[in-house]
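Chain letters run A, B, ... following the sequence lines, proteins first and then strands; every chain starts at 1. What's counted below: heavy atoms across the whole structure, side chains too, no hydrogens, waters or symmetry copies.
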Amino acid sequence: MENQKLNGNDLLAIGFEGKAIGAALQLLQTAYKGKTKEHTLALLKKVLDTPEQYREHPVLAPLAEELLVPAPAEPLALKPDQQAYAIWGAEGIEVRALNQMDIAMRLPVTRAGALMPDAHQGYGLPIGGVLATENAVIPYGVGVDIGCRMAMTLYDMPATFLEQNRERLKGLLVDNTRFGRATFQKPKEHAVIDRPEFRDIPILKGLKDRAFEQLGSSGGGNHFVEWGTVELADAQNEWGLAPGTYLALLSHSGSRGMGAAIAGHYTKLAMEGCMLPQEARHLAWLDLDTEAGQEYWLAMNLAGDYASACHQQIHERLAAAIGQQPLARIENHHNFAWKEKDAQGRELIVHRKGATPAGKGVLGIIPGSMTAPGFIVRGKGLSASLNSASHGAGRTMSRTKAKELISPEAVQQQLQQAGVDLIGSGLDEAPGAYKDIRKVMAFQQELVEVVALSYPRL
DNA sequence: ATGTCC
C-alpha cells in the first residue's frame, strides 16, 4: 500500500537519474510492496551509493547493473568566438593550419595561443602551434613524437679538419647511428630505463623492453644526425668560446615507438572522455586532476627524458669515436607541454607542437634543411609568442607531393652546390620540400636573436 | 612521428 505513493519524483529527490529511475520503478512493481516508503527509499539509496555491493543481489541486481553503466560523456561545445592569437609570418602559412589554430582558440580550456612562421597542418593542433590551457593537457597538442628534440655538440676543429676527414667522419656516422627500423645489437645501459614509471604506470610496463631495444636510435622521417660547421659570431656567448668556426654534431629525433604508443593510448582515452564537435575531436584533453591526466603527464615526461637519453648516447658514441670532448652542448625539445606562469602569475599548460621554447636567454636550435643552414638562437621572451619560436623552416609541400614533384637529379645538384655529402634520405625531405629558412628567421626576429649559424656537411 | 592498422 505504502509503495503506491513512491514515484519517480521521490527517486529524483534522493539522487537517481536517467535510466536507473525506470529500472527502480520496475522493481517496485513486484518487490517491496509490503514495506514502508521510508524503508524502500533507504534501501534504494544504499543501492545508488554502493551499486557494486548489489551486483549479485537476487532482486536488486538489475538496478545495480544499470547504475554501474558509465554515464555517456556529455558533448562539449566550442566557444562561439575564438580568442585572439598572434601569428608570425602569416603570409607563408597554409589556410588549413590557420583554421586548425582558430578552432583550438575556441576550446573552453584555452587561455592563450600563438602560431609560428613554420606552421602547417597537423592532427588537432597545427605543427608550429602553441596553446596554453588551464589545468588540461591535450595529447595531440603535444604530438605523436613526444619530446622530439634537437641536440648539438661543438668540438675544437683545426680549419681543414672536416674537409680532410670527410670519409672517416661519414663512416663514424654510419657505424654509430641507427635509422629506420635498425637498432643497436647491444644497446648501452641508461638510467632512464630503470625509472619507476615503467612499473607504476600500466601502459608503460609493456613499452619498457622495446624502449631499451630502441635506445640510442634515431627513427625516420625528418630525423637525422649530421656533421657540420658552426660559425659562431656572438663573442658574448654562453660558453665563453671565441668567435670562429667549430666542428658540430647535430641530431634531431624523439621518443621512438614509446612516445608514439603513449600518444596513441592517451589520445584515445581523452577522446572517450571529452566529446568534442567533429572539427575539434583531435583536440580532446585530459583534466590534470584526473588519474588519466596525471598518468599522461608522468608518461610524457618519461618519454621526454627517454628522447634526451637517445641524443646523449648518439653524442657520446660519436665523441668517443673522434676521441674528443665537446666544448659546448645545446639541447631543446619542441614537442612537449610545460607548466609555465603567465604575466598574471597564473599557471598554464603550454603546449608546443613543433615550436622552440624561446624564453628570455633560453638557447635553442632551429634547423633549416639538408642544404640550408640551421640557427642557434637565444630567446627574447616575448609573451605574445608564449615564449616560443619556430622549430624549423616548415614544409612547402606534403611528403606525398614532394615524392611526386621533386626529382633526384635536382636534389643531387643542390647537395653538390651546398657541399653536402648525403648518406641517406627520401625525396620527401629534399630541400625543396621546405620553406626558405632565412625568410622564416626574418619573420621571427622579435622572438629570437641569432647566436650562430650551423652548416650541414655530411 | 609510428614494429607507418588491433
Please step through ring-ring contact (aromatic ring centres under 6.0 Å, His included) for the pair A/H252 and A/H334, ending with a clear verdict. CA-CA 10 Å; A/H252 175 218; A/H334 49 226; 5.2 Å; yes

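- Across all strands, A/G220 comes closer than 4.0 Å only to sugar-phosphate atoms, never to a base (heavy-atom distances).
- Residue-level contact check: A/G219 touches the backbone only, with heavy atoms under 4.0 Å from sugar-phosphate atoms and none from bases.
- A/R256 comes within 4.0 angstrom of the backbone, heavy atoms only, and of no base.
- Between the P atom of B/dC6 and the NE2 atom of A/H265 lies a distance of 14 Å, rounded to the nearest Å.
- Distance, A/R178 CZ to B/dG3 P: 16 Å, rounded to whole Å.
- Look at OH on A/Y123: it is 14 Å from P on B/dT4, rounded to the nearest Å.
- Using a 4.0 Å heavy-atom criterion, one finds that A/G254 contacts no nucleic acid atom at all.
- Note: CG (A/D428) to P (B/dT4) measures 17 Å, nearest angstrom.
- Salt bridge absent: A/R111 and A/D342 never bring a charged side-chain N and a carboxylate O closer than 4.0 Å.
- Residues A/E66 and A/K19 are not paired through a salt bridge, judged by the lack of any N-O separation under 4.0 Å between the basic side chain and the carboxylate.
- When rounded to the nearest whole Å, the span between CE of A/M258 and P of B/dT4 equals 18 Å.
- Between A/R210 and B/dG3 there is a side-chain N or O to OP1 or OP2 distance below 4.0 Å.
- Among all heavy-atom pairs drawn from A/L327 and A/Y155, the shortest one is CD1-C, 3.7 Å.
- One interatomic measurement links the two molecules: CZ of A/R181 to P of B/dT4, which rounds to 10 Å at whole-angstrom precision.
- Rounded to a whole Å, the CG atom of A/D145 is 13 Å from the C1' atom of B/dT4.
- We find that CG of A/L207 is positioned 11 Å from P of B/dG3, with the value rounded to whole Å.
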